[in-house]
Protein chains: 2
Amino acid sequence: MPNDNIDVEKCDFLCVHKDTVREVLDSMPDDEKLYDLAELFKVFGDSTRIKILYALFEKELCVCDISNLLGISQTAVSHQLKILKTNNLVKSRRNGKIVFYSLDDDHVYSIIGCGMEHINEL
Amino acid sequence: MPNDNIDVEKCDFLCVHKDTVREVLDSMPDDEKLYDLAELFKVFGDSTRIKILYALFEKELCVCDISNLLGISQTAVSHQLKILKTNNLVKSRRNGKIVFYSLDDDHVYSIIGCGMEHINEL
DNA sequence: TTATCATATGAATAGATGTTCATATGAAAG
DNA sequence: CTTTCATATGAACATCTATTCATATGATAA
């Protein structure tokens with residue numbers, strides 16, 4: 001009895017197998033999408049970036065404001081803003097020497113909100 | 001004119017300051033909560049864990065199933081399941097030699113869903 | 001008890017990541 | 001054009017993290 005698709009060697013008597021496996025596999029997005037999803041959450045997985053995003057909830061802020069507000073070096077803020085921008089979570093607008101940043105995606109609110117709900121239920 | 005709370009050194013003419021800063025600070029959760037939130041997202045920020053969670057969307061699975069299903073070593077799966085369990089995202093149930101894992105929190109769906117929405121809009 | 005299997009765990013290793021330091025860029029003012 | 005300021009960027013470094021390997025645990029069956 002050949003195994004197509006998945007090779008199960010030992011645990012093929014008690015555990016669910018081929019049909020279940022196929023069912024689950026069919027319902028999953030492809031690897032690339034799952035990878036991108038993980039990459040997105042990775043961006044939220046840093047307290048500096050979370051703080052920056054939260055700060056921008058209220059209104060647009062310049063780099064210097066964020067730096068002072070959060071007590072984080074300007075360089076660090078700049079590096080993290082770049083990551084946030086690359087991931088389309090914030091956008092920037094230049095006004096002379098000053099660059100103002102603001103949120104670029106409504107999902108930021110909902111993603112952080114969902115995370116908070118989980119946190120608050122512990 | 002003294003600055004209480006925040007010390008602004010240079011960028012205190014064009015950028016918004018004390019009142020805005022206070023306003024934003026007041027609206028932010030405390031550091032510990034923001035740290036916990038980042039820690040939670042860090043858990044979602046790994047494709048192996050994302051895959052495991054997705055696999056469990058359908059039904060409970062044993063370690064061996066997950067391992068075969070995703071093509072990841074049993075050891076790696078076990079390590080990641082521990083992290084997921086520590087963060088109350090999955091729960092386990094033992095049946096003889098076999099340990100079945102399933103989702104432990106409805107927020108898993110909503111968090112991943114929110115993330116997916118962002119991904120799909122690029 | 002002994003053998004086998006499913007799972008868990010600790011140590012080691014390689015790769016990723018965040019901050020700092022030094023410096024560059026870009027814009028306004030003198 | 002030179003200076004000053006706000007921001008950006010690259011390199012270096014320290015820390016964290018995910019996987020692998022070896023092995024332990026816990027359970028069933030012979």
Side-chain angles (χ1 to χ4, degrees), chain A residues 8-17 34-35 38-53 56 60-87 90-102, chain B residues 8-17 34-35 38-53 56 60-87 90-102:
Chain A
V8 180
E9 287 170 8
K10 303 283 179 56
C11 174
D12 54 354
F13 38 92
L14 249 179
C15 307
V16 285
H17 34 284
L34 294 173
Y35 180 82
E39 288 304 301
L40 175 66
F41 285 124
K42 210 171 280 181
V43 178
F44 286 87
D46 175 82
S47 56
T48 297
R49 288 191 291 266
I50 285 280
K51 286 177 189 173
I52 292 176
L53 290 174
L56 296 176
E60 68 173 11
L61 295 169
C62 70
V63 179
C64 161
D65 279 335
I66 298 172
S67 172
N68 284 305
L69 179 67
L70 303 178
I72 301 168
S73 76
Q74 177 268 317
T75 310
V77 170
S78 216
H79 277 299
Q80 299 310 330
L81 280 171
K82 181 168 196 180
I83 293 174
L84 290 170
K85 194 173 180 181
T86 301
N87 285 272
V90 304
K91 58 176 183 269
S92 64
R93 149 179 101 77
R94 180 154 220 140
N95 190 341
K97 283 184 285 193
I98 309 231
V99 178
F100 288 96
Y101 282 85
S102 57
Chain B
V8 181
E9 288 170 9
K10 302 282 180 56
C11 173
D12 55 352
F13 38 90
L14 251 180
C15 308
V16 286
H17 32 282
L34 294 173
Y35 181 80
E39 288 303 302
L40 175 66
F41 285 124
K42 211 169 280 181
V43 178
F44 286 87
D46 176 82
S47 56
T48 296
R49 287 192 290 269
I50 285 280
K51 286 176 190 174
I52 292 176
L53 291 173
L56 296 176
E60 68 174 10
L61 295 169
C62 70
V63 179
C64 161
D65 279 335
I66 298 172
S67 172
N68 283 306
L69 180 64
L70 303 178
I72 301 169
S73 75
Q74 176 269 315
T75 310
V77 170
S78 217
H79 277 299
Q80 299 310 330
L81 281 169
K82 182 167 194 181
I83 294 175
L84 292 170
K85 193 174 181 182
T86 301
N87 285 273
V90 305
K91 59 176 183 268
S92 64
R93 149 181 100 77
R94 178 154 221 139
N95 190 341
K97 282 184 285 192
I98 310 233
V99 179
F100 288 96
Y101 282 85
S102 56

Trainee: Between C:dA27, D:dT19, C:dG18, which one does the side chain of A:Ile83 approach most closely?
Mentor: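 Nucleotide nearest to A:Ile83's side chain: C:dG18.
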Trainee: Rounded to whole angstrom units, what separation is found between the OH atom of B:Tyr101 and the P atom of C:dT7?
Mentor: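 Going from B:Tyr101 (OH) to C:dT7 (P), I get 8 Å.
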Trainee: Nearest-Å distance, CD1 (A:Ile72) to C1' (C:dT19)?
Mentor: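 So the CD1-C1' distance, A:Ile72 to C:dT19, works out to 11 Å.
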Trainee: Rounded to the nearest 0.5 Å, what separates atom OG in A:Ser47 from atom CD1 in A:Ile72?
Mentor: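 A:Ser47 OG to A:Ile72 CD1: 7.5 Å, rounded to 0.5 Å.
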Trainee: To the nearest Å, give me how far apart NZ (A:Lys42) and C1' (D:dA18) are.
Mentor: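 Nearest whole value for this atom pair: 10 Å.
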Trainee: Mind checking the CD-CG spacing from B:Glu39 to B:Leu34? Nearest 0.5 Å is all I need.
Mentor: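 Atom-to-atom, B:Glu39:CD and B:Leu34:CG are 12.0 Å apart.
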Trainee: Given D:dA18, D:dT17, D:dT9, which nucleotide is nearest the side-chain atoms of B:Asp46?
Mentor: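 Closest nucleotide to the B:Asp46 side chain: D:dA18.
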Trainee: With the side chain counted from C-beta on, respond yes when B:Leu70 and B:Thr48 share a heavy-atom pair under 4.5 Å apart, and no when they do not.
Mentor: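 The answer is no, as the side chains (C-beta and beyond) never meet within the 4.5 Å cut-off.
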Trainee: Yes or no on side-chain contact (heavy atoms from CB on, under 4.5 Å) for B:Ile98 and B:Arg94, after CA distance, side-chain angles and deciding distance?
Mentor: CA-CA 6 Å; B:Ile98 310 233; B:Arg94 178 154 221 139; over 6 Å; no
Trainee: Please state how far atom CG in A:Leu69 lies from atom P in D:dA6, giving the value in whole angstrom units.
Mentor: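 In whole Å, D:dA6 P and A:Leu69 CG are 17 Å from each other.
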Trainee: Between D:dT9 and A:His79, is there a base-stacking contact, meaning the centre of the base's six-membered ring lies under 5.5 Å from the residue's ring centre while the planes stay under 30° apart?
Mentor: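 Ring-base stacking flag set for A:His79 and D:dT9.
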Trainee: Report the distance from atom CZ of B:Arg94 to atom C1' of C:dT7, rounded to the nearest whole Å.
Mentor: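 Computing the B:Arg94:CZ to C:dT7:C1' distance gives 7 Å.
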Trainee: When you get a sec, tell me which of D:dT19, C:dT7, D:dT9 is the closest nucleotide to the side chain of B:Ile98?
Mentor: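 Ranking D:dT19, C:dT7, D:dT9 by closest atom to the B:Ile98 side chain puts C:dT7 first.
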Trainee: Between B:Ser73 and B:Glu39, who's closer to the 5' end of DNA chain D by nearest nucleotide?
Mentor: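 Counting from the 5' end, the first nearest nucleotide belongs to B:Glu39.
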Trainee: Looking at every non-hydrogen atom in both residues, tell me the closest pair between B:Val90 and B:Tyr101 and how far apart they are.
Mentor: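 Where B:Val90 meets B:Tyr101 most closely, the heavy atoms are CG2-CD2, 3.9 Å.
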Trainee: Which of parallel (below 30°), tilted (30 to 60°) and perpendicular (above 60°) describes B:Phe44 and A:Phe41?
Mentor: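 B:Phe44 vs A:Phe41 ring planes: tilted.
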Trainee: Look up atom CG in A:Leu84 and atom CG in A:Leu53, then write down how far apart they are to the nearest 0.5 Å.
Mentor: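 Reported value, rounded in 0.5 Å steps: 5.0 Å.
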Trainee: In whole angstrom, what separates A:Gln80's CD from D:dT7's P?
Mentor: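 Distance check: A:Gln80 CD to D:dT7 P gives 16 Å.
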Trainee: Any donor-acceptor pair under 3.5 Å joining the side chain of B:Gln74 to the base of C:dA6?
Mentor: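 For B:Gln74, whose side chain was compared with the base of C:dA6, there is no donor-acceptor pair (under 3.5 Å).
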Trainee: Describe, as an angle rounded to 10 degrees, how the axis at the first end of the helix from C:dT1-D:dA30 to C:dG30-D:dC1 is tilted relative to the axis at the last end, five pairs per end.
Mentor: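 Angle reported: 10°, given to the nearest ten degrees.
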Trainee: Find the distance B:Lys97:NZ to D:dA27:P and express it as a whole number of Å.
Mentor: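 Atom-to-atom, B:Lys97 to D:dA27, this comes out as 12 Å.
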Trainee: Taking only the side-chain heavy atoms of B:Thr75 (C-beta and beyond), determine which of C:dG18, D:dT19, C:dT9 contains the nearest atom.
Mentor: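 Output: C:dT9.
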Trainee: Send over the distance from B:Arg49 CZ to C:dA16 C1', rounded to a whole Å.
Mentor: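 The answer, rounded to whole Å, is 13 Å.
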Trainee: Which listed nucleotide (C:dT7, D:dA18, D:dA6) is nearest to the side chain of B:Ser78?
Mentor: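 Of all the options, the side chain of B:Ser78 is nearest to C:dT7.
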